[in-house]
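Working notes for the structure below.
Since this is a predicted model, take the numbers as computed values, not measurements. When reading the values below, keep in mind they use all heavy atoms of this one structure, side chains included, and skip hydrogens, waters and symmetry mates.
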Amino acid sequence: MITLFRRKHQLWLRITFMSFSVNDPWVKNRLYEFSKIEFRHLKWLAQSLYENTVAYDYERDPKFSIESDSFFSLVHTAMNEIKALHLLYENSPLCERMKHDENYILTTLHSYLEKLTLDEPITAFNRERHWPDALLSESETDALTLFLFEELYKEYELIMIYFYRQIRATTPAQVTYFQDLMDESHFHLRSFGEMMAKMGILALPRTLHPRTYEITDMEKFLRGGIVEEENAKEECRKLSSSIRDEKLSSFFEFINFQESYHIEIMKKLLGEKYD
């Protein structure tokens, strides 16, 4: 089962980052909807494993990659990964649900291959570091690049921590608060991932060590998280003030104020009791 969980984790990442990398807006949105389905699968699978006292982790295959130079290549890789995953499914209601969902995903992906105009070159991984929507100076480009790499990893890390803790929640309030935080981080991950794709610098976040999410002192983690959110707000403020493009500056101000409410949610979580 640990292999199944790891493969599902990778499939969620693959479809998520595929959605970031493609240009066609309809396909992009459809793929992101599929990635949300895969994340639900991952949550249900984690719940099942936890209830049956089966350990799992967030390790990935060292050779796992989401990079390609064409859309059809990305589609073929995803389809092959789904088909291989189905060989690991057991005879259970959960596996039946996952398989039926993915059969529809396979049908949709196959339909993309029949539309030759969709086989666009993928520029999300070309490392050009060019922001197409405004003329940025070298220093602005450097600041934006550094921010996006750091924040993409942070949002992925937070999603997986909140995910791990929600599975182990002991009160309905905890379930709600961790879901709110996950939803916010999913939005940020998508925003930053799509910006990185536009700049040609899209990349997978690094793998998480179990110490990152196997938290034994939740109060210490939450208090540290509040400090990190304050630091994130400061980084957003710095970036907003250092970039002259009005749209970019406005976006980072928007993110800054979202971080403020994250702090309030974490303060609420401080009042909860944990096993």
Side-chain angles (χ1 to χ4, degrees), residues 9 12-13 16-17 20 39 42-43 46 57-60 140 142-171 173-196 201-243 248-275:
H9 178 204
W12 165 63
L13 283 171
T16 300
F17 279 72
F20 299 162
F39 193 80
L42 197 65
K43 183 188 291 188
D57 58 41
Y58 297 147
E59 288 296 318
R60 305 196 299 253
E140 288 174 319
D142 289 345
L144 181 59
T145 300
L146 181 60
F147 177 88
L148 290 174
F149 269 107
E150 289 180 346
E151 291 303 305
L152 184 86
Y153 171 74
K154 188 198 85 169
E155 298 301 343
Y156 167 70
E157 177 185 73
L158 290 175
I159 288 169
M160 302 316 290
I161 292 172
Y162 300 146
F163 172 47
Y164 194 86
R165 290 309 313 178
Q166 188 186 50
I167 298 299
R168 291 155 180 77
T170 55
T171 68
Q174 289 176 27
V175 173
T176 299
Y177 295 148
F178 283 124
Q179 186 63 52
D180 286 342
L181 289 169
M182 270 194 291
D183 289 344
E184 293 282 281
S185 286
H186 275 296
F187 173 76
H188 290 182
L189 182 76
R190 184 181 188 183
S191 298
F192 300 146
E194 290 185 349
M195 292 176 74
M196 291 176 76
I201 57 172
L202 186 61
L204 278 171
R206 60 185 180 272
T207 305
L208 300 179
H209 191 280
R211 284 196 301 268
T212 308
Y213 50 88
E214 292 178 355
I215 299 163
T216 56
D217 188 336
M218 278 300 295
E219 181 178 349
K220 180 180 178 181
F221 165 75
L222 289 167
R223 293 193 184 282
I226 290 171
V227 172
E228 283 192 15
E229 293 289 354
E230 291 287 3
N231 291 337
K233 282 173 58 63
E234 181 60 28
E235 291 303 314
C236 283
R237 282 193 293 267
K238 285 181 181 178
L239 197 58
S240 178
S241 61
S242 67
I243 291 181
L248 274 176
S249 181
S250 175
F251 172 75
F252 288 113
E253 276 297 305
F254 160 65
I255 295 295
N256 172 26
F257 283 109
Q258 288 196 335
E259 303 285 11
S260 297
Y261 195 67
H262 297 175
I263 292 171
E264 295 306 310
I265 297 174
M266 295 176 90
K267 287 178 179 177
K268 292 177 181 179
L269 280 166
L270 274 172
E272 292 288 312
K273 292 185 178 180
Y274 303 92
D275 292 338

To the nearest 0.5 Å, what is the distance between [atom1] ([X]) and [atom2] ([Y])?
X	Y	atom1	atom2	result
Q258	S191	CD	OG	8.0 Å
E151	L144	CD	CG	11.5 Å
L239	L146	CG	CG	9.5 Å
S260	E230	OG	CD	7.0 Å
L269	F178	CG	CZ	4.5 Å
L222	K267	CG	NZ	12.5 Å

Where is the tightest heavy-atom contact between [X] and [Y], given as atom of each residue plus distance?
X	Y	value
S249	I243	CB-O, 3.8 Å
M160	L42	CE-CD2, 4.4 Å
V175	Q166	O-NE2, 3.0 Å

[Y] and [X], any side-chain heavy atoms less than 4.5 Å apart:
X	Y	value
F20	T16	yes
M218	E272	no
F39	H186	yes
L158	E229	yes
E184	Y261	no
F252	E235	no
H9	L13	yes

- prompt: Under 4.0 Å between a Lys/Arg side-chain N and an Asp/Glu carboxylate O for R190 and E194?
  reply: yes

task: Would you mind checking if K154 and E157 are paired as a salt bridge, meaning a charged N to carboxylate O distance below 4.0 Å?
output: no

Could you tabulate the donor-acceptor pairs under 3.5 Å formed by side-chain atoms of residues 202-214, not counting sequence neighbours?
residue, atom, partner, partner atom, Å
H209, ND1, R211, N, 3.0
T212, OG1, H209, O, 3.0
Y213, OH, Y58, N, 3.2

task: Test side chain to side chain contact (heavy atoms under 4.5 Å, CB included) on F187 and E155 and set out the steps.
output: CA-CA 9 Å; F187 173 76; E155 298 301 343; over 6 Å; no

message: I'd like to know whether the aromatic ring centres of F192 and F147 sit less than 6.0 Å apart in this structure.
response: yes

task: Say whether, by atom type as modelled, one donor and one acceptor occur between the side chain of Q174 and the main chain of T170 under 3.5 angstrom.
output: yes

- prompt: Does the E259 side chain pair with the main chain of N231, one donor and one acceptor, at a distance under 3.5 Å?
  reply: no

- prompt: Will you find, in the side chains of Q179 and D183, an N or O donor that is under 3.5 Å from an N or O acceptor?
  reply: yes

